[in-house]
Visitor: 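Below you will find the structure I want to go over with you.
Counting convention: from 1, in listed order, for ligands and their atoms alike.
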Amino acid sequence: MPSSKGYATHSATSALVPFTFSRREPGPTEIAVELLYCGVCHSDLHMARNEWGQSIYPLVPGHEMVGRVTHVGSAVKKFKAGGVAAIGVIVDSCRHCPPCMRGEEHFCEEGATLTYAAKDRVDGSITMGGYSNNYVVDERFAHHVPSNLNLAAVGPLLCAGITTYSPLRHWKAGPGKKVGIVGLGGLGHMALKFAHSFGAHAVQFTTSPKKSEDALRLGADEVVLSTDANAMQAQAHSFDLILDTVSAPHSLDDYLTLLKQDATMTLVGLPEKPPSFSVFHLIGRRASIAGSMIGGMIETQQMLDYCGQHNITADVEVIPIQKINEAFERLLKQDVKYRFVIDMDSLK
Ligand code: NAP
Ligand code: ZN
């Protein structure tokens with residue numbers, strides 16, 4: 001494999017800078033992909049700054065990749081050279097534990113291999129992510145992209161898309177269900193599109209009054225400013241499911257009071273500090289707090305196929321890689337509509 005070019009950070013407090021490295025040769029069941037686009041997930045920012053305490057440097061972020069296949073190993077069946085492939089948050093797993101056997105590799109009992117800052121199962125090197133010009137991956141962990149979709153807007157489906165599609169399916173968002181989405185960022189805007197598409201009554205909670213019009217356009221039946229106590233009170237005891245995508249520390253109490261009896265608040269956002277809540281809000285309605293992480297390889301392909309059939313992609317702002325540090329700062333100011341995507345042409 002020729003050497004790879006990308007952007008890396010070398011510590012929790014430094015900016016991302018140009019970085020060259022090498023990837024291993026693809027094996028018989030692996031493909032090499034020349035990356036065209038990579039989405040910018042808030043997890044990339046948490047990891048670049050070691051907010052979860054598991055980062056390894058130098059760290060090349062990026063797990064929302066779309067690219068063109070440049071090489072297929074001798075045993076590869078799913079892809080041909082020249083085709084398009086998409087790669088998400090995990091790139092390997094043990095492949096023999098019960099969740100892996102079910103195609104739920106993200107729940108691998110030995111721990112799935114993350115796309116970056118993780119130990120590669122093949123050669124023990126540290127994985128480097130998609131803010132770069134290429135990737136090498138086993139075909140099991142790469143996906144087909146429906147041909148009608150815009151490739152720049154497909155990248156974010158590989159994380160923001162599947163992370164919201166999977167819990168909305170699991171908790172059966174659909175006709176007759178009232179579903180709340182907390183936070184209108186990369187994950188939130190995909191959650192809204194899916195909840196609307198599945199036929200649920202979708203309510204967007206936001207701290208940003210200026211996002212109201214966009215939320216309605218993206219599929220919200222109602223928009224609630226979460227800082228308005230009266231507007232929040234008016235929604236009490238009415239939700240079947242609330243999906244929390246917020247990236248910063250916050251209390252869950254204001255939302256738990258909005259659940260119906262036996263309803264669930266599912267957390268997908270991963271703030272640096274754990275959320276706070278009062279148990280009284282749970283016992284008073286036998287409510288559940290749950291969590292959900294991305295999705296397995298089978299469901300990820302189902303999600304992409306569903307997006308192809310329903311013409312769903314992310315709303316993106318395409319940036320050159322040289323603007324990545326600025327994009328991180330804008331994420332922190334809630335100033336993204338609604339996913340930054342890096343155009344890898346800018347690396348050339
Ligand atoms: P994002 O685009 O930055 O969106 C986060 C949204 O949260 C913001 O747009 C904002 O929405 C809201 N928010 C931010 N700060 C807030 C605050 N102080 N108080 C209340 N609301 C606030 O981030 P993202 O890429 O969607 O990621 C969201 C979170 O999900 C991150 O923590 C990320 O690490 C996590 N994540 C988890 C998984 C998983 O598998 N579970 C996968 C991917 C990402 P409003 O302006 O509308 O209030
Ligand atoms: Zn992500």
Visitor: List ligand 1 atoms under 4.0 Å from Thr206, heavy atoms only on the residue side.
Guide: 45 (P), 46 (O), 47 (O), 48 (O)
Visitor: Pick whichever of Pro167, Ala191, Ala160, Gly186 has a heavy atom sitting closest to atom 2 (O) of ligand 1.
Guide: Gly186
Visitor: Of Leu187, Val316, Leu218, which is the lone residue that meets side-chain contact (heavy atoms from CB on, under 4.5 Å) with Tyr338?
Guide: Leu218
Visitor: Should you measure from each heavy atom of Gly183, which atoms of ligand 1 turn up under 4.0 Å away?
Guide: 11 (O), 47 (O)
Visitor: So, 4.0 Å and heavy atoms of His250: is ligand 1 close enough to count as a contact?
Guide: no
Visitor: Relative to the heavy atoms of Ser208, which atoms of ligand 1 are at a distance of less than 4.0 Å?
Guide: 45 (P), 46 (O)
Visitor: Can you tell me if Arg339 has a non-hydrogen atom under 4.0 Å from ligand 1?
Guide: yes
Visitor: For atom CD of Gln54, is the number of surrounding heavy atoms from other residues, nucleotides or ligands below 6.0 Å larger than 12?
Guide: yes
Visitor: Identify, for atom 16 (C) of ligand 1, the protein heavy atom at the shortest distance, and state residue, atom and that distance.
Guide: Gln334 OE1, 3.6 Å
Visitor: Quick one: which ligand 1 atoms are inside 4.0 Å of a heavy atom on Thr163?
Guide: 38 (C), 39 (C), 40 (O), 41 (N), 42 (C)
Visitor: I need the nearest protein heavy-atom contact for atom 5 (C) of ligand 1: residue, atom name and distance, please.
Guide: Ser247 OG, 3.5 Å
Visitor: Taking the side chain as C-beta and beyond, is there a heavy-atom pair between Leu158 and Thr300 under 4.5 Å?
Guide: yes
Visitor: Number the atoms of ligand 1 from 1 as they appear, then name those within less than 4.0 Å of a heavy atom of Thr245, with their elements.
Guide: 28 (C), 29 (C)
Visitor: Measuring from atom 21 (N) of ligand 1, which candidate in Leu270, Val246, Ile294 has the nearest non-hydrogen atom?
Guide: Val246
Visitor: Which residue owns the protein heavy atom closest to atom 11 (O) of ligand 1, what's the atom, and how far is it?
Guide: Leu184 N, 3.1 Å
Visitor: Looking at Thr9 and Ser14, would you say the former's side chain and the latter's main chain have a donor-acceptor pair under 3.5 Å?
Guide: yes
Visitor: Answer with yes or no whether the side chains of Gln301 and Asp305 bring together a donor and an acceptor at under 3.5 Å.
Guide: yes
Visitor: Within 45 degrees of the ring normal and closer than 6.0 Å to the centroid, is that where the cationic atom of Arg169 sits relative to Tyr306?
Guide: yes
Visitor: Salt-bridge test for Arg140 and Glu105: reply yes if a basic N is under 4.0 Å from a carboxylate O, no otherwise.
Guide: yes
Visitor: Which option wins on minimum heavy-atom distance to atom 33 (C) of ligand 1: Pro209, Ser43, Ser292, Gly185?
Guide: Ser43
Visitor: Among all the protein's non-hydrogen atoms, which is closest to atom 37 (C) of ligand 1, and how far away is it?
Guide: Val268 O, 2.9 Å
Visitor: Is any side-chain heavy atom of His170 closer than 4.5 Å to one of Thr264?
Guide: no
Visitor: Give a rough value, rounded to 10 degrees, for the angle at the Zn ion (ligand 2) between atoms SG of Cys41 and NE2 of His63.
Guide: 110°
Visitor: Please could you name the atoms of ligand 1 that Trp52 approaches to less than 4.0 Å, counting only its heavy atoms?
Guide: 34 (O)
Visitor: Need the ligand 1 atom indices (1-based, order shown) with element for anything under 4.0 Å from a heavy-atom of Thr207.
Guide: 20 (C), 21 (N), 45 (P), 46 (O), 47 (O), 48 (O)
Visitor: Counting backbone and side-chain atoms alike, is an N, O or S atom of Cys159 positioned under 2.8 Å from the Zn ion (ligand 2)?
Guide: yes
Visitor: May I ask you to decide if Glu139's main-chain N or O and Lys78's side chain share a donor-acceptor pair within less than 3.5 Å?
Guide: yes
Visitor: Could you identify the single nearest non-hydrogen protein atom to atom 1 (P) of ligand 1 and state the distance to 0.1 Å?
Guide: His42 ND1, 3.7 Å
Visitor: May I ask which of Gly88, Ala248, Gly39 has a heavy atom nearer to atom 17 (C) of ligand 1 than the others do?
Guide: Ala248
Visitor: Can you tell me the protein heavy atom closest to atom 43 (C) of ligand 1 and the distance?
Guide: Cys159 SG, 3.2 Å
Visitor: Can you classify the ring geometry of Phe239 versus Phe205 as parallel (below 30°), tilted (30 to 60°) or perpendicular (above 60°)?
Guide: tilted
Visitor: Could you measure the distance from the CD atom of Glu34 to the CZ atom of Arg68? Nearest 0.5 Å is fine.
Guide: 8.5 Å
Visitor: Between Asn50 and Tyr57, does the side chain to side chain donor-acceptor pair (under 3.5 Å) criterion hold? Intermediate values first, please.
Guide: CA-CA 10 Å; Asn50 198 20; Tyr57 300 98; 4.7 Å; no
Visitor: How far is atom 26 (O) of ligand 1 from its nearest protein heavy atom, and which residue and atom name does that atom have?
Guide: Leu187 N, 2.8 Å
Visitor: Got Lys260 and Lys178 here, is their nearest side-chain heavy-atom distance under 4.5 Å?
Guide: no
Visitor: Name the orientation class of the two ring planes belonging to Trp52 and His46 (parallel below 30°, tilted from 30 to 60°, perpendicular beyond 60°).
Guide: tilted
Visitor: Is there a heavy atom in Phe340 that sits closer than 4.0 Å to ligand 1?
Guide: no
Visitor: Please state which protein non-hydrogen atom is closest to atom 9 (O) of ligand 1 and give its distance, to 0.1 Å?
Guide: Lys211 NZ, 3.2 Å
